[in-house]
Amino acid sequence: MSNTTYPHKYLYGWTGIVALSTFIAGLLSILEGAGIAFGLSILPDIPGGCILVLLSLIFGTAVLKGRSDRPGWISFSYVASLLLLAFAGCSILVEGGNLLTAIMEGEEEVNLISILSPAFIWAGIIAIPLYIGVSKLMYKCSYRSDCCE
Amino acid sequence: MKDIRILLAGNPNVGKTTLFNSLCGVHQHTGNYPGVTVEIKEGKRQINDHSLFVSDLPGTYSLSAFTPDEQVARDALLTSNPDAVVQIVDATNIERNLFLTTQLMEIGLPMVIALNMSDLADEQKITIDAECLEKNLKIPVVRIVARNGEGIEKLVDTIIRVTEKKTPVDYKKIEYPHSVTTHIAEIGNYLSSHVSLLGKLSPHYAAIRLMEGDEHLEKMLHDQGLVIPFIDKCDPAERDGIAEDILLARYRTSEEVTTCAVKCSMGAVMPADLIDQVLTHRLFGIPIFLSCMWFAFQITFSASNPFLVGIEYLFGIFTEMMNGVEMDPFIRSFLADGVIGGVGSVLVFVPSIFVMFILLSILEDTGYLARAAFVMDRFMHSVGLHGKSFIPFLIGFGCNVPAIMATRTLQSKADRIITIITIPFMSCAARLPVYVLFAGVFFGAAAGNVIFFLYVLGIAVAIISAMIFRRFVFRDEPSPFIMELPPYRKPSGLAAAVHMWYKGKEYLKRAGIVIFGGVLVVWALATFPVGVEYGSVDSLAGILGQVFQPLFAPLGFNWQLVVGLIFGFVAKEVVVGSLGTLYGGEEMLESSLAADPTLSPVIALAYMVFVLLYFPCVAAFGVIRQELGNWKWTCIAVGWGILVAYIVAFITLHVGSLFIGA
């Protein structure tokens, strides 16, 4: 990466951080779902945790690709961060729906903070700068040279 | 007043149906994947003193039709003699689209080219010189964006102008090699003396078709006792060579015209290629698809729940209002148990269906579903299904009826039969209320996961069934899969909402007619004979349920559940309606199910599995019969579904008991 002509030295590093944090978030969700509690406000969610681990693997692939294949790094980190943000949005919808249902059904212990409990949201927040940076790079990469193929 | 008949032709997924909707002000379903239209759709538009009759044809890459839907398009173009053909050309991929143009030009009908998706071409820095295109082809070219109606008025004016022209068309000539031209002239001259046998084809064009190897036309002429010079004496290798020469000449023409009219300044890599690298990755592709579907079902359940609670609340108010009004107990029972209990218990699930349709529509609009088909192809092929079968499977998540019709895009008969037999295992929207009800009552917070499991189970059962049929009945290999991946597009909120509304409206119509009728029958069965307790074992419904219940005893279903299944044969929506009627109304349904000592989570799961697999509905049955064309395969399809449902529900009950507890 040292010879790169693209201004993405920090983004590349950030991809590694997002990969690691997504993996940890996924692992914690799975462990919480399996009943191994850490006292963190993370939603116990085994399938959701597996999806986070999957996304961390895609980010990890991006990191590996970044050493030799620059477009490969861009595409893997772009798609993974896009999916992570989309899934974070979906999680907000799901938790928002659950919260609203609880309020409408008159449940006494309604916690507004619970809407932020899915690990997707936290991982998604970390991925926002990566998504913004990489999407700019992707379009530069696509429309840079003149070629019809 | 003048009537103008036009055909909308073009490659798959170039926006024909979107243009059709724009022209005729209708809302036929459109999708960002090939094969949405499999039959001709008709529409009309009135413009001043002209009536424009528009036919939307299925997409085709050429007039050498291979699949049933392509044959429909080909036959319409060659035999219906319209006033004009409008070819919709994808502006981002002109060269490939022009191949069909070269074939259409030779038919000799008045033509207009609608250059669709011009906005996307601009976005991709593709500069198109429409004038140069028009001058080269000698066909009027109009730039349009069918999605927002841009250029439609100009297109309509051009169509009218073209049809009013009195002079014969004179399009660009395709330069075939000299030997081919000589043979075309020879055959054409011969056919000129047998014009009556050619239908609406000109002798010259018929000669080209014969030289190209049009088996359909050749057979038609042979059947009428005609001996065709050159063709009948020519050996297959020579004919293949000539067909190849014609093909190359067409490609050369497309290339020439494109080189003149199109200038690109795209980069070395398209954004779509970069995204596809991940979404169609051989390891990540399928897990990404499953993740998307998992989220779709989580949202379907959770985001629609507040609406569900709201509608339940409204029905509660209706029931209370009704209880406050003096009326005959019989009428009260009819309104409370029959109308509100039955129809109401189905209507509360309408939001879930609306949410699912909007999510599927968004996934479709982005172009992702076509990628999902591509990703699944390797897997589908390995289990004996055609990769293209995945698109009908996905359509089946909405409704099995159009999904079965969508199998017309499959070329091989064996592929079609296997796909049609397995489509009913795709869980249509009408089955969703059953899952939302039972999963909500018996699985609480895990309801979303249970629903996701059912959808995956449907796909798994379809795959295993396909493997069995391919292994034991159709032993040939599935034909190769070629599908063009559509461009990625930002999903349009409005288009998704319109799609959701039309699909949801269809569901509401069914709720109004089929479900209402169904639940009234159930109510009558639960009420009579006069004097028995409503919905008791002594009622007709109870007797009916008890007659069939022993058959379902190994699955743990009580007689009420069995009555639901019997009425589910008409339409799956009636299952919940029937249960609502039998369990004392919509308001009571959930609590009654939860309190019923004969039910448990594992029985509920087995019931949902049975509903998922046993039989789609009467409408789907009719379409299966129509598409398979014989009773033998129709009965096999239905019998197989019921058998599989029974076995899988039995396994679910007994294996599930080990984990969930009876």
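Every chain is numbered from 1, with letters handed out A, B, ... down the list of sequences. Everything numeric in this text was worked out from a predicted model, so none of it was measured.
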Original post:
More than 12 non-hydrogen atoms from neighbouring residues, nucleotides or ligands closer than 6.0 Å to CZ on B:Phe354, yes or no?
Top reply: yes
**OP:** Look up atom CD1 in B:Ile459 and atom CG in B:Leu454, then write down how far apart they are to the nearest 0.5 Å.
**Re:** 11.5 Å
Original post:
Which pair of heavy atoms, one from B:Phe443 and one from B:Met608, lies closest together, and at what distance?
Top reply: CE1-CE, 3.9 Å
Subject >> side chain to side chain donor-acceptor pair (under 3.5 Å) contacts in which one or both residues fall within residues 89-103 of chain A, not counting sequence neighbours >> reply: A:Asn98-B:Ser302
Subject >> Top of A:Gly48, A:Gly72, A:Cys90, A:Cys50 for chain B proximity - count of heavy-atom pairs under 4.5 angstrom >> reply: A:Cys90
Original post:
Which of residues 75-89 of chain A have a heavy atom under 4.5 Å from any heavy atom of chain B?
Top reply: A:Ser75, A:Phe76, A:Tyr78, A:Val79, A:Leu83, A:Phe87
Original post:
When you check the side-chain N and O atoms of A:Thr22 and A:Ser56, is any donor under 3.5 Å from an acceptor?
Top reply: no
**OP:** Would you confirm whether B:Arg96, through its side chain, and B:Ser254, through its main-chain N or O, come within 3.5 Å as a donor-acceptor pair?
**Re:** no
**OP:** For each of A:Ile58, A:Ile103, A:Ile46, A:Thr61, tally heavy-atom pairs with chain B at distances under 4.5 Å, and name the one with the top tally.
**Re:** A:Ile58
Subject >> Proximal component of A:Leu57, with respect to chain B [non-hydrogen, under 4.5 Å] >> reply: both
Original post:
By a 4.5 Å heavy-atom criterion (distance strictly below it), what part of B:Leu359 contacts chain A: side chain, backbone, both, or neither?
Top reply: neither
Original post:
Rounded to the nearest 0.5 Å, how far does CG of A:Leu99 lie from CG of B:Asn305?
Top reply: 12.0 Å
Subject >> Electrostatic pair B:Arg489:B:Asp365 at N-O distance under 4.0 angstrom >> reply: no
Original post:
Got a second to check how far B:Leu485's CG is from B:Thr280's OG1, nearest 0.5 Å?
Top reply: 7.5 Å
Original post:
Which pairs count as side chain to side chain donor-acceptor pair (under 3.5 Å) when at least one residue sits in residues 438-449 of chain B, sequence neighbours excluded?
Top reply: B:Trp294-B:Asn449, B:Gln298-B:Asn449
Original post:
Taking non-hydrogen atoms and a cut-off under 4.5 angstrom, which of residues 122-132 of chain A neighbour chain B?
Top reply: none
**OP:** Mind telling me whether B:Phe289 and B:Tyr368 have parallel, tilted or perpendicular rings, with 30° and 60° as the class edges?
**Re:** tilted
